[in-house]
Amino acid sequence: MWWLNSKSLEKNKQLKTSGLKAMGGKAIVLDANILVRAVLGQRVRLLLLEHADHIQFFAPDVAYEDAHKYLPGLLDKRGVSGVVVEQVLGQLESMVQLMGFEVYGAMKTQALQRIASRDADDWPVLACAMALNCPVWTEDTDFFGTGVATWTSDRIALYFA
């Protein structure tokens with residue numbers, strides 16, 4: 001579970017402050033299910049680490065709240081302490097920038113118009129992507145047809161290339 005060493009943490013702190021333009025402008029918003037996969041599995045975690053030098057990752061505050069809510073139960077079934085959840089999510093925040101309501105809230109009405117008939121609870125992720133003018137990385141098909149590019153884990157490497 002301890003997947004970020006001090007060198008990669010420092011590198012990501014530098015990236016966080018460099019801005020999208022310095023990175024060539026590529027960014028993506030992660031849904032809560034991707035944050036959960038980054039903690040539980042290896043593939044998403046490795047993709048984040050491998051591409052952190054040229055992709056800027058974002059997630060709305062509610063995606064982190066969902067991860068904090070659901071991960072303890074999932075990890076408890078695997079015999080892993082809830083303390084580990086907090087530590088790993090804290091490390092994840094060094095790579096995946098948390099976006100507060102003040103950043104995406106202005107897009108709420110437009111996002112709800114696009115996604116409410118499928119899953120209104122997903123509006124913050126969509127609003128973040130709309131505010132940043134970038135795609136969403138999710139395993140949730142509710143985002144398809146919302147007018148925002150949507151990538152799943154089995155295809156995300158195409159966007160990262």
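The chain is numbered in sequence order, starting from 1.
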Gap between atom [atom2] of [Y] and atom [atom1] of [X] - 0.5 Å precision:
| X | Y | atom1 | atom2 | result |
| --- | --- | --- | --- | --- |
| L75 | L40 | CG | CG | 5.5 Å |
| D122 | D140 | CG | CG | 4.5 Å |
| L35 | E65 | CG | CD | 11.5 Å |
| D142 | S117 | CG | OG | 8.5 Å |

[X] side chain near [Y] side chain, heavy-atom distance below 4.5 Å:
| X | Y | answer |
| --- | --- | --- |
| F101 | V103 | no |
| T138 | T152 | no |
| R114 | V148 | yes |
| F143 | D31 | yes |
| M130 | T146 | no |
| V136 | W151 | no |
| M107 | W123 | no |

Minimum heavy-atom distance between [X] and [Y], given as atom pair plus value:
| X | Y | answer |
| --- | --- | --- |
| A38 | R45 | O-NH1, 3.0 Å |
| P135 | A27 | CD-O, 3.4 Å |
| R118 | T141 | NH1-O, 3.7 Å |
| P60 | V29 | CD-CG1, 4.0 Å |
| R37 | V44 | CB-CG2, 3.8 Å |
| D154 | R43 | N-NH1, 3.9 Å |

- Are L92 and L48 close enough, and set up right, to give a side chain to side chain contact (heavy atoms under 4.5 Å, CB included), and what steps lead you there? CA-CA 9 Å; L92 192 59; L48 290 170; 3.8 Å; yes

Among the clusters formed by ILVMFWY side chains lying less than 4.5 Å apart, do L112 and F144 turn up in the same one?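 No, L112 and F144 fall in different hydrophobic clusters.
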
Check: According to a 4.5 Å side-chain heavy-atom criterion applied to Ile, Leu, Val, Met, Phe, Trp and Tyr, with indirect links allowed, do I55 and L46 form part of one hydrophobic cluster?
Finding: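 In one cluster with I55: L46, no.
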
Query raised in the report: Taking the six-membered ring for Trp, are F160 and W137 parallel (under 30°), tilted (30 to 60°) or perpendicular (over 60°)?
Result: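 Rings of F160 and W137: perpendicular, as their planes differ by over 60°.
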
- How are the rings of Y64 and H68 set to each other: parallel, tilted or perpendicular (split at 30° and 60°)?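 The arrangement is tilted - the two ring planes meet at 30° to 60°.
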
Practice problem: Using the side chain to side chain contact (heavy atoms under 4.5 Å, CB included) rule, take Q56 and K26 through it: C-alpha gap first, then chi angles, then the decisive distance, then the call. | Solution: CA-CA 6 Å; Q56 201 158 20; K26 267 199 171 177; over 6 Å; no

Set out, in order, the CA-CA distance, both residues' side-chain angles and the distance that settles side chain to side chain contact (heavy atoms under 4.5 Å, CB included) for L89 and L71, then state yes or no.
CA-CA 10 Å; L89 282 173; L71 274 168; 4.0 Å; yes

ask   = When you look at OH of Y70, are more than 12 heavy atoms from neighbouring residues, nucleotides or ligands closer to it than 6.0 Å?
value =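 Counting other residues, nucleotides and ligands, OH of Y70 stays at 12 neighbours or fewer.
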
For S153, is there any backbone N or O sitting under 3.5 Å from a side-chain donor or acceptor partner on E139?
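Present.
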
Exercise for the section: Determine, step by step, whether L30 and F58 satisfy the side chain to side chain contact (heavy atoms under 4.5 Å, CB included) criterion, reporting the C-alpha distance in whole Å, the side-chain angles of both residues, the deciding distance to 0.1 Å, and the verdict. Expected result: CA-CA 6 Å; L30 281 60; F58 296 93; over 6 Å; no

